[in-house]
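The block underneath contains the structure these notes are about, expressed in structure tokens.
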Amino acid sequence: MKLQVQAMTSAASVAEELLKCTNFAAEKHKNQRRKNPDKTPYINHPIGVAYILTNEAKISDLAVLQAALLHDTVEDTDTTFEEIEMIFGKSVRGIVEEVTDDKTLPKHERKRLQIEHAPGSSKEAKLVKLADKLYNLRDLEACTPEGWSEQRVQEYFEWSKKVVEGLRGTNRSMERSLDQIFLRRNVLQ
């Protein structure tokens with residue numbers, strides 16, 4: 001009975017930590033919208049990335065799920081790495097740091113660095129990055145963001161394939177799903 005109570009307490013604390021993290025990300029992204037025609041709330045994206053990790057990739061590592069929920073907060077809001085560490089711990093901060101682009105660099109340089117850094121990333125960061133790419137590519141398949149040409153969409157798919165190549169060997173399920181998307185879009189490389 002004592003073991004069952006501990007398991008229930010542990011599950012409750014994990015749920016509490018995930019909800020705390022989701023709430024934090026929702027507050028940080030509250031005024032942001034996706035660039036799709038429906039202008040969906042931005043928070044749908046990090047929640048969707050975390051959902052891909054739990055539902056499709058079968059990841060239950062709390063730090064990875066929290067990092068998925070927070071992966072765009074430093075890049076796109078006033079959140080700092082120090083704030084993430086203070087609230088969610090050093091491990092979550094480390095993963096978020098690995099997947100965060102340096103917005104002071106030009107866009108083409110940030111994209112190049114994602115390709116370059118992918119192979120040397122930690123397994124945890126690779127999981128978040130794979131789920132992020134999967135979510136974004138599915139979103140692009142569903143609709144074109146406002147202001148994007150078909151050429152820009154295709155270039156995003158081609159660039160994403162290069163990033164994914166450096167993440168291979170991390171999660172077969174997500175990699176298969178990404179390969180199906182690349183096949184549909186005729187991104188062979």
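Predicted, not measured: the structure shown is a model, and the values here were computed from it.
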Quiz prompt | Side-chain (Glu85) to main-chain (Phe81) donor-acceptor, under 3.5 angstrom | solution = no

Quiz prompt | Straight-line distance of Ser121 OG to Ile95 CD1, nearest 0.5 Å | solution = 11.0 Å

Self-check item: Minimum-distance pair of heavy atoms, taken over all atoms of Ala67 and Val128
Solution: CB-CG2, 4.2 Å

Exercise. Check whether any side-chain heavy atom of Val92 lies under 4.5 Å from a side-chain heavy atom of Ile87, and answer yes or no.
Key: no

Quiz item: Should we say atom NZ of Lys103 is surrounded by more than 12 heavy atoms from elsewhere, each under 6.0 Å from it?
Solution: yes

Quiz item: Distance from Arg110 atom CZ to Thr104 atom OG1, nearest 0.5 Å?
Solution: 8.5 Å

Quiz item: Should we say atom CD of Glu82 is surrounded by more than 12 heavy atoms from elsewhere, each under 6.0 Å from it?
Solution: yes

Quiz item: Do the side chain of Lys39 and the main chain of Asn36 share a donor and acceptor less than 3.5 angstrom apart?
Solution: no

Quiz item: Should the pair Lys30-Glu27 be classified as a salt bridge under the 4.0 Å nitrogen-to-oxygen rule?
Solution: yes

Self-check item: Asp78/Lys28 ion pair, N-O < 4.0 Å
Solution: yes

Quiz item: Are Lys161 and Glu165 within salt-bridge range, i.e. N to O under 4.0 Å?
Solution: yes

Quiz item: Taking a hydrophobic cluster as the set of Ile, Leu, Val, Met, Phe, Trp and Tyr residues connected by side-chain heavy atoms closer than 4.5 Å, whether directly or through intermediates, do Val99 and Phe24 fall within one such cluster?
Solution: no

Quiz item: Ion pair present between Lys111 and Asp101, side-chain N to carboxylate O less than 4.0 angstrom?
Solution: no

Quiz item: Hey, are the side chains of Leu18 and Leu69 touching, using non-hydrogen atoms and a 4.5 Å cut-off?
Solution: yes

Quiz item: Where do Cys143 and Pro37 come nearest, in terms of heavy atoms and distance?
Solution: SG-CD, 3.8 Å

Quiz item: Which class fits the ring pair His71 and His45: parallel under 30°, tilted 30 to 60°, perpendicular over 60°?
Solution: perpendicular

Exercise. Answer with yes or no whether the hydrophobic clustering places Val64 together with Leu167; edges join I, L, V, M, F, W, Y residues whose side-chain heavy atoms lie under 4.5 Å apart.
Key: yes

Practice problem: Answer yes or no: is there a donor N or O on one side and an acceptor on the other, between the side chain of Glu56 and the main chain of Met174, under 3.5 Å? | Solution: no

Quiz item: Are Arg138 and Glu141 close enough for a salt bridge, meaning some N to O gap below 4.0 Å?
Solution: no

Quiz item: Could you give the distance from CZ (Arg176) to CG (Leu178), rounded to the nearest 0.5 Å?
Solution: 11.5 Å

Self-check item: Sub-4.5 Å side-chain heavy-atom contact between Ile115 and Trp159
Solution: yes

Quiz item: What distance do Leu130 atom CG and Arg168 atom CZ have between them, rounded to the nearest 0.5 Å?
Solution: 8.5 Å

Self-check item: Side-chain touch Lys58/Ser173, heavy atoms, less than 4.5 angstrom
Solution: no

Quiz item: With a 4.5 Å limit on heavy-atom distance, are the side chains of Asn171 and Ile59 in contact?
Solution: yes

Quiz item: Does Val49 share a hydrophobic cluster with Ile181, counting links as ILVMFWY side-chain heavy atoms below 4.5 Å and allowing steps through other members?
Solution: yes

Exercise. Decide side chain to side chain contact (heavy atoms under 4.5 Å, CB included) for Gln66 and Val96; before the verdict, give the C-alpha distance in whole Å, the side-chain angles of both, and the deciding distance to 0.1 Å.
Key: CA-CA 9 Å; Gln66 288 174 304; Val96 173; over 6 Å; no

Quiz item: Salt bridge or not for Glu158 and Lys162, using N-O below 4.0 Å?
Solution: no

Practice problem: Report the C-alpha separation of Val187 and Gln154 in whole Å, then their side-chain angles, then the decisive distance to 0.1 Å, and conclude whether the side chain to side chain contact (heavy atoms under 4.5 Å, CB included) test is met. | Solution: CA-CA 8 Å; Val187 180; Gln154 187 64 24; 3.5 Å; yes

Quiz item: Has the side chain of Thr40 got a donor or acceptor atom that lies under 3.5 Å from a matching backbone atom of Arg34?
Solution: no

Quiz item: In Å, rounded to the nearest 0.5 Å, how long is the span from CG of Leu137 to OG of Ser177?
Solution: 11.0 Å

Quiz item: For Ala131 and Leu53, which heavy atoms make the closest approach, and how far apart are they?
Solution: CB-CG, 3.7 Å

Self-check item: Single-linkage hydrophobic cluster, 4.5 Å side-chain cutoff, Leu65 and Leu70 together
Solution: no

Self-check item: Rounded distance (nearest 0.5 Å) linking atom OG of Ser122 with atom CD of Glu98
Solution: 3.5 Å

Practice problem: Please determine which of Asn31, Asp72, Thr77 meets the side chain to side chain donor-acceptor pair (under 3.5 Å) test together with Tyr42. | Solution: Asp72

Quiz prompt | Non-hydrogen side-chain atoms of Glu97 and Ile84 separated by less than 4.5 Å | solution = no

Quiz item: Going through the checks in order, is the side chain to side chain contact (heavy atoms under 4.5 Å, CB included) test met by Thr144 and Arg152?
Solution: CA-CA 10 Å; Thr144 302; Arg152 183 173 177 189; over 6 Å; no

Quiz item: Between Tyr135 and Ile47, does a side chain to side chain contact (heavy atoms under 4.5 Å, CB included) hold up when you go through it step by step?
Solution: CA-CA 10 Å; Tyr135 185 98; Ile47 291 171; over 6 Å; no

Practice problem: Compare every heavy atom of Phe157 with every heavy atom of Phe182, then report the nearest pair and how far apart it is. | Solution: CE2-O, 3.6 Å

Quiz item: Given the rule that I, L, V, M, F, W and Y join up when any side-chain heavy atoms are under 4.5 Å apart, are Leu140 and Tyr51 in one cluster?
Solution: no

Quiz item: So, Glu124 and Arg93, do they make that salt bridge, N to O below 4.0 Å?
Solution: no

